[in-house]
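First up is the structure itself, then whatever we jot down about it.
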Amino acid sequence: AWISVGDQPHDIAAQWSTIGPTLVVLTQGSAGATAYRNGRSVATCSAPSIEVVDSVGAGDTLMAWLVAGLCDDGMTSTHGVTDDQVVDILQTAVNAAAITCTRKGCQPPTQSELAGL
């Protein structure tokens with residue numbers, strides 16, 4: 001809304017994915033997140049239904065798990081990442097952010113906590 005008045009966030013994210021970044025992720029709070037590549041949506045991941053205690057750190061948690069997911073797969077860029085891998089990595093990141101919101105303060109989940117989902 002600040003950068004491109006009148007344009008929709010999804011349209012802006014899709015456009016950005018054509019002008020440099022190979023992966024653009026639009027976070028949408030309780031609606032989850034959508035990833036874009038080459039001007040198109042490649043993944044939309046829903047957030048689990050939770051009781052929100054505190055949203056502090058949710059965005060940072062999502063980004064950390066997104067980057068960690070890429071690194072865990074041995075990727076140094078998003079060029080070789082398949083759309084299916086993006087779906088899996090993004091869903092984990094969205095789930096991690098949701099767990100963070102169920103706790104007071106920024107307390108991201110551990111890998112073992114996420115493995116149970």
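No hydrogens, no waters, no symmetry mates; every other heavy atom, side chains included, goes into these values. All values derive from a computational prediction rather than experimental measurement.
- Of the residues listed (L66, L70, V81), the one engaging V86 in a side-chain contact (heavy atoms from CB on, under 4.5 Å) is V81, and it is the only one.
- Shown here for L114 and P109, the closest heavy-atom pair between the two residues is CG-CG, 4.1 Å.
- Counting heavy atoms from C-beta outward, S17 and N38 have side chains that stay 4.5 Å or more apart.
- Considering every non-hydrogen atom in both V87 and A43, the closest pair reads CG2-CB, 3.6 Å.
- The two residues G105 and D54 have their closest heavy-atom pair at N-OD2, 2.9 Å.
- The residues R103 and E113 are annotated as salt-bridged, a charged nitrogen and a carboxylate oxygen being separated by less than 4.0 angstrom.
- In terms of heavy atoms, L23 sits closest to A35 at CD1-CB, 3.9 Å.
- No continuous path of hydrophobic side-chain contacts links V24 to L62 [ILVMFWY only; heavy atoms under 4.5 Å].
- When atom types are taken as modelled, the side chain of D83 and the backbone of V42 share no donor-acceptor pair closer than 3.5 angstrom.
- With rounding to the nearest 0.5 angstrom, the CZ atom of R37 is 7.5 Å from the OG1 atom of T82.
- Side-chain N/O atoms of Q28 and T34 include a donor and acceptor closer than 3.5 Å.
- The minimum heavy-atom distance linking A97 with T61 is given by the pair N-CG2, 3.8 Å.
- With a 4.5 Å cut-off between side-chain heavy atoms of Ile, Leu, Val, Met, Phe, Trp and Tyr, the cluster of I50 takes in V52.
- Annotation: side chain of N95 is in contact with side chain of P48 (closest heavy-atom distance under 4.5 Å).
- Using a 4.5 Å heavy-atom threshold, the side chains of Q111 and W65 count as touching.
- A 4.5 Å side-chain heavy-atom check between V94 and Q91 finds at least one atom pair inside the cut-off.
- Linking Ile, Leu, Val, Met, Phe, Trp and Tyr residues whenever their side-chain heavy atoms come within less than 4.5 Å leaves V53 and I99 in two separate clusters.
- Counting heavy atoms from C-beta on, the side chains of Q15 and Y36 never come closer than 4.5 Å.
- Residues M63 and L90 fall within the same hydrophobic cluster, defined by Ile, Leu, Val, Met, Phe, Trp and Tyr side chains chained together at heavy-atom separations under 4.5 Å.
- What you find for G29 and A47 is that their closest heavy atoms are O-CB, 4.1 Å.
- Within a 6.0 Å sphere centred on CD1 of I3, other residues, nucleotides and ligands contribute 12 heavy atoms or fewer.
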